[in-house]
*Asks:* 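Dumping the structure here so I can ask a few things about it.
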Amino acid sequence: MKKISKILAANRSEIAIRIFRAAEESGIKTAAIYSKEDRFAIHRFKTDESYLVGEGKGPIQAYLDIDSIIKIAKDAKVDAIHPGYGFLSESPELAEQCEKNDITFIGPSKEILKRFGNKTEAKKVAQDADVKTVPSVLVSKENIKTVQKEVDKIGYPVIVKASWGGGGRGMRVVHSNKDLLDQITTAQSESLKAFGKDEVFIEKFLEDAAHIEVQILGDKHGNILHLYERDCSLQRRHQKIIERAPAHFLKEETRKNICNAAIKIAKEVNYFGAGTVEFLFDKKTGEFYFIEVNPRIQVEHTV
């Protein structure tokens with residue numbers, strides 16, 4: 001493990017400042033990137049060095065310019081890149097380019113990002129770890145004509161979800177067969193616009209469920225721990241509004257089982273870095289089910 005003496009935050013605004021603060025407290029120098037539109041943004045002035053990224057590109061595309069970010073990192077002689085959240089934080093391509101250029105990527109490996117970046121692949125990891133998942137079916141060109149029969153087996157209501165990305169995009173609750181194909185088409189279109197991929201899947205929609213997340217931390221020596229759970233049930237359009245910790249309605253045994261399940265899933269892929277494992281807790285049955293992993297630091301990591 002090489003020593004890190006300078007970190008580049010491949011992000012902007014609050015999370016970049018958060019990275020700089022942690023680095024400064026650890027005696028590590030920092031570098032910022034900024035788009036032309038962000039040339040007066042606060043994060044640019046809260047760091048030791050700052051560089052224009054993605055020259056000639058738009059305010060969002062600039063922060064997605066991997067080649068430009070890597071060039072800046074090499075020119076500035078940084079040892080590590082921290083992607084924060086959003087933008088390239090779950091990008092196997094950025095992790096791979098860091099590896100090729102002898103730069104530490106502060107986050108999981110490209111292999112882990114590939115497995116957890118796709119929700120259906122993540123479900124397979126959970127199943128291999130003997131953790132329950134919500135019944136689901138992947139939608140493909142081959143099964144589009146028979147998918148209604150598969151959904152009938154699962155039972156309505158169901159929810160259509162984008163296999164890649166997050167933020168509530170590409171999600172549609174469906175209550176009957178007559179709406180299913182239209183909602184699949186709409187979800188595919190949304191997903192393509194937001195993430196560049198139109199792969200979606202359908203899973204059972206649990207109407208009286210709590211959304212529980214467990215934050216995890218892993219090192220490169222095989223040690224993984226959890227930082228307990230957060231109740232993220234209060235949402236609007238599948239986006240979290242308020243989170244509470246702990247989830248006061250969980251029995252101690254259930255809390256322990258959910259947190260242990262998060263660690264089992266993480267150990268299945270030798271996870272390292274910060275991450276969040278998400279579950280649905282069915283209040284009617286007391287069962288919990290894995291839904292996905294965010295292989296990065298979260299916006300709400302401070303909760």
Side-chain angles (χ1 to χ4, degrees), residues 1-114 116-117 215-221 223 269-276 294-299 301-302:
M1 298 294 289
K2 68 175 184 179
K3 185 180 177 184
I4 295 173
S5 56
K6 190 193 288 187
I7 289 174
L8 182 140
N11 216 300
R12 66 185 294 278
S13 196
E14 181 271 336
I15 187 59
I17 294 170
R18 174 73 181 84
I19 293 163
F20 301 151
R21 191 183 82 200
E24 187 177 349
E25 289 172 358
S26 303
I28 297 171
K29 289 186 176 180
T30 60
I33 56 173
Y34 62 93
S35 66
K36 182 184 175 185
E37 287 79 4
D38 283 340
R39 61 192 180 279
F40 301 119
I42 294 174
H43 78 277
R44 184 191 170 186
F45 303 99
K46 293 288 184 181
T47 179
D48 297 305
E49 306 164 18
S50 61
Y51 302 91
L52 177 67
V53 70
E55 193 166 2
K57 295 195 173 183
I60 303 299
Q61 289 304 313
Y63 293 100
L64 299 173
D65 189 341
I66 293 175
D67 291 341
S68 183
I69 290 168
I70 293 294
K71 184 179 186 307
I72 289 168
K74 290 173 74 174
D75 290 346
K77 294 181 171 54
V78 305
D79 309 293
I81 290 177
H82 195 314
Y85 48 67
F87 291 134
L88 295 167
S89 60
E90 296 181 39
S91 167
E93 292 78 16
L94 177 59
E96 185 173 17
Q97 285 305 311
C98 284
E99 190 181 310
K100 284 181 179 177
N101 287 278
D102 197 28
I103 298 167
T104 299
F105 178 78
I106 300 180
S109 66
K110 64 179 186 290
E111 290 81 13
I112 293 171
L113 290 172
K114 283 176 183 174
F116 283 152
Q215 195 161 261
I216 55 169
L217 281 175
D219 65 20
K220 290 190 176 181
H221 305 283
N223 301 302
V269 297
N270 298 316
Y271 193 91
F272 59 87
T276 300
N294 296 143
R296 53 170 169 79
I297 195 165
Q298 276 196 305
V299 179
H301 69 274
T302 50

*Asks:* Please confirm whether the backbone N or O of His221 pairs with a side-chain atom of Asp219, one donor and one acceptor, at under 3.5 Å?
*Replies:*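 Yes.
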
*Asks:* First locate atom NZ of Lys3, then atom CG of Asp79, and finally report the distance between them rounded to the nearest 0.5 Å.
*Replies:* 9.5 Å

*Asks:* State, to 0.1 Å, how close Arg296 and Tyr85 come at their nearest heavy-atom pair, and which atoms those are.
*Replies:* NH1-CB, 3.9 Å

*Asks:* Can you check whether Tyr34's main-chain N or O pairs, donor with acceptor, with Tyr51's side chain at less than 3.5 Å?
*Replies:*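 Checked: no pair found.
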
*Asks:* Step by step, work out the salt bridge (charged side-chain N to carboxylate O under 4.0 Å, His left out) result for Lys110 and Glu93.
*Replies:* CA-CA 7 Å; Lys110 64 179 186 290; Glu93 292 78 16; over 6 Å; no

*Asks:* If we ignore hydrogens and angles and just use 3.5 Å, is the side chain of Asp48 paired with the main-chain N or O of Thr30 as donor and acceptor?
*Replies:* yes

*Asks:* Going from CD1 on Ile60 to CG on Asp65, what distance comes out if it is rounded to the nearest 0.5 angstrom?
*Replies:* 13.5 Å

*Asks:* For Asn11 and Ala16, indicate whether the former's side chain and the latter's backbone hold a donor-acceptor pair under 3.5 Å.
*Replies:*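 No.
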
*Asks:* Would Lys46 count as a cation-pi partner of Phe20, with NZ or CZ less than 6.0 Å from the six-membered ring centre and within 45° of the ring normal?
*Replies:* no

*Asks:* Specify whether Phe116 and Tyr271 have parallel, tilted or perpendicular ring planes, treating 30° as the upper limit for parallel and 60° as the lower limit for perpendicular.
*Replies:* tilted

*Asks:* Does anything in residues 29-40 pair up under salt bridge (Lys or Arg N to Asp or Glu O under 4.0 Å), and if so which pairs, sequence neighbours excluded?
*Replies:* Arg12-Asp38

*Asks:* Enter the distance from Lys77:NZ to Leu8:CG here, rounded to the nearest 0.5 Å.
*Replies:* 14.0 Å

*Asks:* Inspect the surroundings of CD in Glu55 and state if more than 12 heavy atoms from other residues, nucleotides or ligands are less than 6.0 Å away.
*Replies:*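 Open.
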
*Asks:* Heavy atoms only: give me the nearest Leu113-Ser89 pair and the separation to one decimal.
*Replies:* CD2-O, 4.2 Å

*Asks:* Examine distances only and state if a side-chain atom of His43 and a backbone atom of Ile33 form a donor-acceptor pair shorter than 3.5 Å.
*Replies:*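 Yes; at least one donor-acceptor contact below 3.5 Å.
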
*Asks:* Does Ser109 use its side chain to pair, donor to acceptor, with the backbone of Ile112 at less than 3.5 Å?
*Replies:* yes

*Asks:* Could you tell me which non-hydrogen atom of Ala80 sits nearest to which non-hydrogen atom of Ile103, and how far apart they are?
*Replies:*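 Taking every non-hydrogen atom into account, CA-CG2, 3.8 Å.
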
*Asks:* I need the Ile42 CD1 to Glu14 CD distance, nearest 0.5 Å.
*Replies:*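 Spacing of CD1 (Ile42) from CD (Glu14) equals 11.5 Å.
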
*Asks:* Determine whether Thr104 and Ile81 satisfy the following criterion, side chain to side chain contact (heavy atoms under 4.5 Å, CB included), listing intermediate values before the conclusion.
*Replies:* CA-CA 6 Å; Thr104 299; Ile81 290 177; over 6 Å; no

*Asks:* Answer yes or no: is there a donor N or O on one side and an acceptor on the other, between the side chain of Asn101 and the main chain of Gln97, under 3.5 Å?
*Replies:* yes

*Asks:* Where do Ser91 and Ile66 come nearest, in terms of heavy atoms and distance?
*Replies:* OG-CD1, 4.0 Å

*Asks:* Salt-bridged, Asp67 to Lys71, with N to O below 4.0 Å?
*Replies:*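 Looking at Lys71 together with Asp67, the answer is no, because their closest N to O distance does not fall below 4.0 Å.
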
